[in-house]
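Only a predicted model underlies this, so the values are computations on that prediction, with no experimental measurement involved.
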Amino acid sequence: MSNISNNTSICQLEIKKRLFIEMALEKMSGKKLPTASEMEKKTGSPTDRSNWHRIFNGKTKQPRREIISFLANYLEIEVNQVWNVLQAAGEINENTDENKILNNLIPIFRMPENIASDSRYFVGRKEYLEKLESNILKQEHKIIGIIAFAGTGKTTLISKLIRKLYQDKIAIFNAVVWKEFNAQVDNERPPIIKEFVNSILYNLSNGEITNETTRQDDFEGITKRLLSQLRKQRCLIVIDNAEALLSDKNKELGESGTFAEECREYYYLFNKILQTEHCSKLILNSRESFVELRSPNYSELILPGLNQEYAIELISNLSDHEVENGAYKLKGTESDLIALTKKCSGNPKAIELVIPLIQRDKEFQGSVNLFLKQDKPIDGICTILKEVVNRLNEKQRECLTRISVYQDRHLISFNGILSQMDRLDEYEIRQIIDDLKVASLLKAENKFQDENYPIYKIHPFVKEYCYRLLDNKMLNESHIRAANYYQDKAGNCREVQEVDAAFEAIHHFYEARMFNDCYEIFIFKILNAKKLDNLRCSANLWNNVDRITEVAPKLISKLSDLQKRAIALVPLGFVYSEAGKNLKALEVSDEILKIIGRKLNKDEELIFTQIAAYINKGRAYRLIGNFKQSQKDCETASKYAKKLKKLSWQALAIYELGLIHIELEKPKPIRAIGCFITAAFQAIGEKVVPSGVHSFKNLLSGEELNNGAKKEIETTVMSNSEDSSQDHTKKFRILYNIGRALNILKLHTPSEFILGIAERFVTETDIGSPIWLYTELATCYGKKLKAYDYLNRAYSRKEKAPMICNALTLHKYAELEYSCEHYEDALKKYEELEELLREAEFPRLQMQAHYGQAHCYEKLYSKPNVNFSTSGYKEKAEEHIKKAREICEKWSLPSL
């Protein structure tokens, strides 16, 4: 009997373990586990899902690793996550609470940094909080709309829910993202869909997926990336002020709740989220219902105003707080308070605004009755907000309206407020801020700037209302003051925060239609074009490719001065090449030459612009793979610079010629090194190459460098290097490319030495240079483990770097895996390279990605004992060879 009982207990425990494993994996992945027949079909042998514990104990016919890899791929989660679940199942006994283990396995999400502040008074919303939490936990609704009028507490409700889930450690989400659209002022619309999805992907991937990763994605591609993330992990995405997506025009026709024409891509994205299988959630906080989204997977929670009981409770809480802070005591009968709640329509924000007004205004002195007896009608938040703002003194009202010009994504600093009211001293500003906080018009956040002053936020509805109060003159003045504030913060644009401030200044000057000021900041602050060659090579140029491609075209279209337009086109052309838009880069160069002509000019800035246009054409053609045309354009630039005796500008052309010699089908590395060394010394104005440069010949001897030779080279480099971080990128690139040329010559030890010197010129803010460096250092080590180490360092940083950097890293990594006969791993890297370059104009690299995949498939299908998994590889190899040849034909490139 005891044996039967014991066997039953063991059987129950096995079932408990199996159910735990199933529950854990499904919670982690947001997907249903495969059936036994699906597993058998995929793995090629019988596998019984009811025996998960046997997989853990290694007692199945299938190797554990194969099963676990299959599960990880099927569920789109990491292999180590599957291992963690199986290991945790081994700890379960008949008395174990599996939920406790499960909560440890599935990490609780990180609180979003920009989540709305927690409300001091959360009254009358417990029922709605429970409804929302219940809806979140259910699987059937993928999108939930929280619909209510402004000030009703939509943002507070979802903020409270997220905090509750976090504090209760309810691990239903792996990631939570909070996005806030701008209040609708001046027809301002939400960001373009790609910018929005990029920011979501960056948050969900902990910074691994960046703008550079998705640079070539079209709408369909970036949507697939997002849906993949929503399947891989359980995500909660909150969009505040989502009504910004809806059409005002249709509303006037009595058709509210339809997406604006310019926001239709959001509609298609949300529909994809509704139709795709995943366990993530999207919450839309909106003043209007989303009529076009109605489906079984969409639900809405309508949030009404507070009922009479809760509204009076909120009034009591707020009035007690005001008394504690020196205001009049609130006086009113029960009927007065009921009438007041009706005047406020039960709107929490309206009540929050009106109570300080009654208790602090000398006219009312805390009397609800006196407030109610006013002649003018007061009903709802709009008229109460109007009443509150009208009762501000002139300075308070001016301050509140002026600071409404700051962009919503930036909280407002004390100095930002001070800059709008520069005729007042700090004491007066602090007093105004305190008064606006008391009136619930301004809120201090738990973050600090400007010497320990907190930073502030305006309620979106208040911001929207105040922005509309600005007449054209004051609106313009406020943008100019904001621009000047950010311009001062920009300093010399050597730190990331300073560059951010400079772009913000450009935004405000642009809104004030001061396009020449935008130009000055862009050209002379961000790019420091007092040294003109910074227009084509500087850390700020390469670190801000996305921003420049967004800002520069808008700005250039507004510049009436043709000379300024031509100059501003120079950096735009170069970043287009870096971004894989080489045809656009060629268009930009032709536009420059059209503006200033092809004959030599006398103006120094235009001479440089003309030379830069030819260099950029040469660069674009080189990246395409048309080396003949590339060389022709670079030689034209060099000829012009030499004729005008501009050695430093000729150096730029000679440097590009060096790159051509490296990247030819049959490279000429010694000639390339000659170009780089000549360019280096012409760039600093040396007419005669210093004698120390001859020490570089030792690098080509093939012999081990002695300490004397090393010291001589180091001295030559460092003694001719000004201590200017603006020039570090240029110095790094010359040394890095000398290292590349030495590696082509198989002189790996001298290359490593030169790359070591190059590393000294990598600045902390430089995004791309470390990746170039690690990739080339890997080349120094051939097939050794250290090569993998360096490539892994480059690969781990690739998401933050320009596309061309990432492409080179992937190509080198694939080549290394292939040379080590790791054909499956090489294939993955070539596939990743193809994906990265899918929409880019780097045909030579695209061709190499296809040939690489073809060679991997050839090696895989020619292996002995080819099994079912390699069937079709021969056809795939032929398909990639065909695609590579099509690219060669399209771009007139020689086949490999």
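Formation of a donor-acceptor pair under 3.5 Å by the T549 side chain with backbone atoms of V545 is found in this model. When atom types are taken as modelled, the side chain of E663 and the backbone of I660 share no donor-acceptor pair closer than 3.5 angstrom. Formation of a donor-acceptor pair under 3.5 Å by the E831 side chain with backbone atoms of Q853 is not found in this model. The closest donor-acceptor contact from the side chain of E841 to the backbone of N582 lies under 3.5 Å. Judged by distance alone, the side chain of D825 and the main-chain N or O of E817 form no donor-acceptor pair under 3.5 Å. A donor-acceptor contact shorter than 3.5 Å links the side chain of N626 to the backbone of Q629. In this structure, N540 contributes its side chain and I526 its backbone to a donor-acceptor pair below 3.5 Å. Q846 places a side-chain N or O within 3.5 Å of a backbone atom of L837 that can act as its donor or acceptor partner. No donor-acceptor distance shorter than 3.5 angstrom exists from the side chain of E712 to the backbone of G708, with no hydrogens or angles considered. For K564 (side chain) and E520 (main-chain N/O), no donor-acceptor pair under 3.5 Å exists by modelled atom type.
Heavy atoms only, all atoms of each residue included: C780 and S751 are closest at SG-OG, 3.6 Å. Minimum heavy-atom separation, I744 to P669: CG2-CG, 3.8 Å. Residues M847 and I887 come closest through the heavy atom pair N-CD1, 4.0 Å. What you find for K525 and C493 is that their closest heavy atoms are O-CB, 3.5 Å. Annotation for A849 and L833: closest pair CB-CD2, 3.8 Å, computed over non-hydrogen atoms. The minimum heavy-atom distance between N737 and I662, with the atom names listed, is O-CD1, 3.5 Å.
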Checklist entry - Could you go step by step and tell me if R619 and E578 meet the salt bridge (charged side-chain N to carboxylate O under 4.0 Å, His left out) rule? => result CA-CA 10 Å; R619 175 183 167 80; E578 197 83 352; 2.5 Å; yes
Item to check | Test log, rule salt bridge (charged side-chain N to carboxylate O under 4.0 Å, His left out), inputs D533 and K730 | outcome: CA-CA 10 Å; D533 57 341; K730 300 164 198 156; 3.7 Å; yes
Checklist entry - When you look at F574 and V588, which way does the side chain to side chain contact (heavy atoms under 4.5 Å, CB included) test go after all the steps? => result CA-CA 9 Å; F574 280 99; V588 165; over 6 Å; no
Next on the checklist: I'd like to know whether S819 forms a side-chain hydrogen bond (donor to acceptor under 3.5 Å, both in side chains) with K783, so could you lay out the CA-CA distance, the side-chain angles of the two residues, the decisive distance to 0.1 Å, and finally the verdict.
Outcome noted: CA-CA 8 Å; S819 66; K783 301 179 185 179; 5.0 Å; no
Checklist entry - Passes side chain to side chain contact (heavy atoms under 4.5 Å, CB included), K581 versus M803? Steps please. => result CA-CA 11 Å; K581 298 177 180 178; M803 176 183 286; over 6 Å; no
Next on the checklist: Applying side chain to side chain contact (heavy atoms under 4.5 Å, CB included) to R740 and L659, what does each step give before you reach the verdict?
Outcome noted: CA-CA 10 Å; R740 281 178 76 192; L659 292 174; 3.9 Å; yes
Next on the checklist: V499 vs R547, test: side chain to side chain contact (heavy atoms under 4.5 Å, CB included). Steps then yes/no.
Outcome noted: CA-CA 11 Å; V499 176; R547 281 170 161 176; 4.0 Å; yes
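Considering NZ of K829 and CD of E834, their distance stands at 15.0 Å, rounded to 0.5 Å. Rounded to the nearest 0.5 Å, atoms CG (L816) and CG (L791) are 6.0 Å apart.
The aromatic rings of Y736 and W772 sit tilted, their planes meeting at an angle between 30° and 60°.
Under the side chain to side chain contact (heavy atoms under 4.5 Å, CB included) test applied with Y655, the options I734, T678, I615 reduce to a single match, I734. Exactly one of L652, L644, D603 qualifies for a side chain to side chain contact (heavy atoms under 4.5 Å, CB included) with F608. That residue is L652. Among L773, T779, L777, the one residue that satisfies the side chain to side chain contact (heavy atoms under 4.5 Å, CB included) test with Y790 is L777.
For K584 and Y576, the positive end sits near the middle of the six-membered ring, less than 6.0 Å away and at most 45° from its axis.
You'll find the ring centres of Y823 and Y818 inside the 6.0 Å limit.
Between the side chains of N792 and Y813, at least one donor-acceptor pair of N or O atoms lies under 3.5 Å.
Side-chain contact between L700 and L742 is present, with at least one heavy-atom pair separated by less than 4.5 Å. Counting heavy atoms from C-beta outward, C856 and Y830 have side chains that approach closer than 4.5 Å. Side-chain contact between R844 and E665 is present, with at least one heavy-atom pair separated by less than 4.5 Å. At a threshold of 4.5 Å between non-hydrogen side-chain atoms, the residues K812 and E776 count as touching. Side-chain contact between L541 and T729 is absent, with no heavy-atom pair separated by less than 4.5 Å.
Using a 4.0 Å cut-off between a side-chain N of Lys or Arg and a carboxylate O of Asp or Glu, D789 and K784 do not qualify as a salt bridge.
Scanning for salt bridge (charged side-chain N to carboxylate O under 4.0 Å, His left out) contacts around E605 gives an empty result, with sequence neighbours left out. Annotation: side chain to side chain contact (heavy atoms under 4.5 Å, CB included) contacts of I595 (sequence neighbours excluded): L562, R565, A566, L569, E591.
The number of heavy atoms from other shown groups lying within 6.0 Å of NZ (K642) does not exceed 12. At most 12 heavy atoms of other shown residues, nucleotides or ligands fall within 6.0 angstrom of atom NZ in K828.
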